[in-house]
Amino acid sequence: MNFGRLTLDPSQKAFEAEARRLLEEHWTPDPHIIALDHDRPTPELVEVLAERGWVHPRTPPEEGGAGLGAVEARVLTALFDEYRVPGYDNDLILPTLRKHGSAELKATVLPDLASGRKSYCLGYSEPDSGSDMAAARTRAVQDGDTWVINGSKMFTTYAHESDYVFMLARTGPVEDKHRTLTMFLVPMDAPGVEVKPIWAMGRVRTNMTFYRDVRISDAYRLGPVNEGWRVVSEPLAAEHGKGDFDALEDLNGGMGAAFTRTLERLVQYTVDWATQTPGADGRPLIEDPLVRQQLATALLDIEVCWNTPGEFGKVMAAETLIRHADALADLTAPAGILSEGADGAIAHGLIGWARLFAPGTAIYGGTTEIYRNNLARGVLGLPRAR
Amino acid sequence: VPIELRWNDYSLSEDDADVRAMLREFFAEQSPPEVVRAAEPLGFDEALWRAALRAGIADLSLPEAHGGQGAGLVELVLAAEEVGRTLAPVPLVDHAVATRLLAGLPETHPDLASAVAGDLILSLAPLSARRPGRQLVPSGAVARGVLAMDGDSLVLLRRESAPEQAPNQGSAPLAWWDAADPSVERTVLAGGDAARALWRRAEAEWQVATASSLVGLAEGASLIARTYTTQRKAFGTPIAAFQAISHTLVDVHEATQTARNLTLKAAWFLAEEPDSRPELPTMALANAARVATDVTMKCVHVHGGFGIMLEADVSLYHLRAAVWGQVGGSSALHLQTIGARLDRAATTATPPATTVPAPAPVRIPSATSRPAADLITSRES
């Protein structure tokens with residue numbers, strides 16, 4: 001066990017200073033953005049990061065990363081959080097590309113994804129299949145050396161700013177479910193790909209994507225035909241926060257930590273509001289025992305989130321954010337639900353915003369029910385869910 | 001402002017992993033449900049206590065210089081978890097924390113040797129710094145000495161024999177101790193700031209160790225529930241295959257792992273950097289107490305009617321969960337303590353501009369009549 005301070009050595013301090021300098025120069029943080037998913041850094045900043053291998057800081061330089069140590073990588077994560085830089089990397093699919101990609105794909109596509117100059121989005125969900133991902137119906141039919149893709153994908157977040165879609169497609173009878181799926185990397189600029197925005201609660205943009213006779217070379221297939229379910233299982237597990245935890249990372253995983261930070265900032269806004277707002281007796285509301293109890297509960301629940309390990313970290317953080325976003329809107333009633341800019345609005349409208357943003361956190365990247373199914377079988381060894 | 005980074009390493013050292021394995025084996029063997037039931041209603045098994053002393057478990061965290069095993073708070077926390085997992089009817093946590101407090105006095109106390117040997121069982125009154133008057137003391141019905149705050153003084157209360165148990169649903173050896181009782185001999189051990197500092201430390205240690213015993217209790221109940229639901233069939237399948245059951249079991253498991261992590265983290269900070277996160281021990285206890293009661297309730301439920309039967313082992317856990325979790329105070333009291341962090345979080349914000357004259361200070365709804373701000377300040381280290 002060790003939770004002690006980590007003292008940066010001179011070269012690590014220099015690294016921090018250099019990273020700060022670059023962020024100051026190439027990035028204008030918006031301090032009132034308190035959720036960093038569903039967004040990407042600007043192309044200018046991506047180029048700055050990619051040049052240095054900082055999109056994948058721990059990956060060796062020959063594979064497009066920077067080969068940084070755990071400490072430098074953690075410094076970078078902390079600075080991205082401080083400067084409100086949206087989380088961005090291709091970590092989820094790079095191992096799959098290296099393992100299953102064709103020689104041509106590795107020569108032409110992999111380098112730019114490895115550096116981070118190009119990016120991907122996930123083509124899993126469809127209008128008729130979400131949690132039951134293996135029920136996908138988007139079809140890929142082989143025609144000589146090419147594949148012809150027809151179908152549509154839902155919630156293709158980042159599709160409008162991505163270069164490729166990591167696509168789960170049907171290559172046989174749909175009745176065979178898991179046994180007739182194949183994975184492809186489809187260029188978003190291929191003729192026949194169309195992106196339509198979907199606006200979700202909390203100013204979140206995602207997309208619906210359509211594929212009409214999209215032709216791609218067989219070189220863009222990932223892994224054997226009809227073995228897509230096996231190919232996609234590794235990136236799925238990684239997305240769900242499985243994997244080795246090193247002693248510098250947040251215990252509750254990428255999404256868990258992101259949601260927890262969002263809630264921390266909401267609570268700080270609410271504390272500021274309660275400090276500046278007098279109650280009926282003229283004393284600041286922060287001195288009101290009921291207000292204190294509510295905010296102390298939030299502090300306790302946030303600490304619980306930081307201590308929730310692995311895959312369940314996302315579930316705990318999502319459900320905690322949902323609960324407290326509503327509770328904070330109630331605590332600050334009625335001002336909390338006013339939009340930013342409205343007369344009497346508080347905390348830049350973020351408290352009301354949070355209860356609109358919160359429900360998605362328990363859905364995207366896998367619903368909390370799917371996480372519980374996986375944990376029941378994978379961790380507790382319980383029989384397959386009915 | 002340069003960033004401050006901390007390690008986030010929850011792994012036990014090899015030595016501590018061995019200690020945990022030894023403790024787990026001892027309590028699994030020595031404290032099966034038959035032993036737990038046989039010790040009811042008092043909740044004390046003299047033979048088990050002696051065995052724990054002989055095995056170097058009851059005095060594990062007591063100073064070597066006075067005859068103990070010389071391990072630290074983390075090892076006490078590990079022992080407490082195994083006590084909880086098996087509901088072992090021994091006053092290990094209360095006695096260890098009280099004896100560690102006695103051992104921390106500048107001068108060797110005459111009772112220390114017999115306390116370390118386990119012949120004199122000690123306990124402490126966890127709410128005595130907050131509520132004046134007589135105290136409901138955990139392990140108080142088996143102890144002949146109790147440490148408490150009495151106003152500004154840290155006192156040792158001694159009796160020739162332990163007082164009567166206060167009957168309770170958890171068969172815990174709770175008893176009322178009253179400094180004003182003529183059969184109680186009261187000695188002042190320290191006063192003023194020194195007393196408060198010693199007490200703060202003991203209170204935090206007790207909160208962390210008690211949290212750990214609640215984690216063990218929750219884990220014990222959840223293991224029983226998991227076994228039962230994979231064996232019990234309904235509608236032609238083990239009931240653990242139904243999401244209503246399996247998701248509950250996941251929640252119970254994850255809440256327990258999380259409560260353990262928070263407790264270990266609190267123990268580390270208390271041992272290594274007590275002033276950095278002074279609210280963590282209270283957080284660990286507040287969370288473990290709510291987790292334990294919630295977990296045992298759910299574990300009883302997944303047993304169906306069998307769960308509410310007294311002969312079901314899971315009922316032993318539910319009977320004890322609230323008693324163990326609440327003898328150190330209510331969640332509202334813990335949240336008042338945790339709320340001290342709000343004042344630090346609020347330091348950057350400007351106070352309201354108001355011309356309304358300030359009324360009387362806010363009163364907290366508890367037995368103490370001190371203003372909330374005063375209470376919080378007194379908790380700051």
Side-chain angles (χ1 to χ4, degrees), chain A residues 1-6 8 13 16 71 74-75 78-79 82 247-251 267-268 271-278 281-284 286-289 292-293 295-297 299-300 303-309 312 315-316 369 371-373 375-377 379-386, chain B residues 2-13 74 226 229-230 237-238 240-243 246-247 249-251 253-254 257-259 261-262 264-265 268-269 272-273 279-280 283 286-287 332 335-336 338-339 341-343 345-346 348-352 354 356-359 362 364-365 372-373:
Chain A
M1 256 196 297
N2 183 12
F3 300 93
R5 282 193 187 85
L6 182 75
L8 299 187
K13 278 187 185 147
E16 182 191 345
V71 173
R74 180 73 204 189
V75 166
L79 289 177
E82 181 183 330
L248 271 171
E249 288 173 65
D250 297 316
L251 188 67
V267 170
Q268 181 64 57
V271 168
D272 292 349
W273 164 83
T275 307
Q276 292 157 0
T277 308
D281 60 2
R283 309 275 303 174
I286 194 73
E287 294 178 15
D288 179 329
R292 292 184 78 80
Q293 174 157 335
L295 291 170
T297 305
L299 294 183
L300 174 60
E303 186 58 42
V304 166
C305 285
W306 288 125
N307 284 279
T308 309
F312 204 75
V315 177
M316 183 75 89
E369 286 75 15
Y371 273 76
R372 287 186 167 96
N373 282 352
L375 287 161
R377 278 204 296 142
V379 175
L380 302 188
L382 302 181
R384 186 178 278 275
R386 301 249 311 200
Chain B
I3 42 176
E4 193 203 88
L5 293 182
R6 281 186 178 274
W7 294 100
N8 198 32
D9 181 3
Y10 292 80
S11 63
L12 290 185
S13 69
V74 170
R226 208 182 304 163
T229 55
T230 48
T237 186
F242 295 107
Q243 287 179 324
S246 66
H247 288 192
L249 294 175
V250 168
D251 289 346
H253 171 76
E254 296 292 343
Q257 307 312 305
T258 298
N261 284 338
L262 175 49
L264 286 170
K265 182 174 172 180
W268 186 91
F269 271 96
E272 306 292 333
E273 287 186 38
E279 75 286 1
L280 275 180
M283 282 185 162
N287 182 56
L335 289 169
Q336 281 173 17
I338 293 165
R341 264 197 60 192
L342 296 170
D343 302 322
T348 51
T350 336
T354 169
V356 182
V362 177
I364 50 164

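So you know, we letter chains A, B, ... as the sequences are listed, proteins then strands, and number each from 1. Model, not experiment: these values are computed from the prediction.
Note on A/Gly4, A/Ala78, A/Ala296: by heavy-atom pairs under 4.5 Å with chain B, the leading option is A/Gly4. Most heavy-atom pairs under 4.5 Å with chain A, from the set B/Pro238, B/Pro2, B/Ala332: that is B/Pro2. No other option in A/Glu16, A/Arg372, A/Arg74 has as many heavy-atom pairs under 4.5 Å with chain B as A/Arg372. Ranked by non-hydrogen atom pairs under 4.5 Å with chain B, the options A/Leu295, A/Leu375, A/Thr297, A/Asn373 are led by A/Asn373. Chain B forms more heavy-atom pairs under 4.5 Å with one residue of A/Leu382, A/Thr308, A/Leu380 than with any other, namely A/Leu380. Of the listed residues B/Asp251, B/Leu249, B/Thr230, B/Asn287, the one with more heavy-atom pairs under 4.5 angstrom with chain A than any other is B/Asp251. Across A/Asn2, A/Val267, A/Leu8, the residue that shares the most heavy-atom pairs under 4.5 angstrom with chain B is A/Asn2. Considering only heavy-atom pairs separated by less than 4.5 Å from chain A, the leading option among B/Leu12, B/Leu264, B/Leu280 is B/Leu264. Contact count against chain A (heavy-atom pairs under 4.5 Å) is highest for B/His253 among B/Glu272, B/Gln257, B/His253.
A donor and an acceptor atom, one from each side chain of A/Glu303 and A/Asn307, are located under 3.5 Å apart.
The shortest non-hydrogen separation linking B/Arg6 to B/Phe269 is NH1-CE2, 3.7 Å. When all heavy atoms of B/Ser246 and B/Ala240 are compared, the pair lying nearest together is CB-O, 3.3 Å. Across all their heavy atoms, B/Asn8 and A/Leu251 have their closest contact at ND2-N, 3.5 Å. The nearest pair of heavy atoms linking B/Tyr10 to A/Trp306 is OH-O, 3.7 Å. Summarising the geometry of A/Met1 relative to B/Trp268, their closest heavy-atom pair is O-NE1, 3.6 Å, with the distance given to 0.1 Å.
Within the 3.5 Å criterion, the main-chain N or O of A/Ala274 finds no donor-acceptor partner in the side chain of A/Thr277. Without hydrogens or angle criteria, A/Arg292 side chain to A/Ile286 main chain gives a donor-acceptor distance under 3.5 Å.
Within the 4.5 angstrom heavy-atom criterion, atoms from both the backbone and the side chain of A/Glu369 approach chain B. The parts of A/Gln293 that come within reach of chain B are both its backbone and its side chain, each placing non-hydrogen atoms under 4.5 angstrom from that chain. Neither the backbone nor the side chain of A/Val315 comes within less than 4.5 Å of any heavy atom of chain B.
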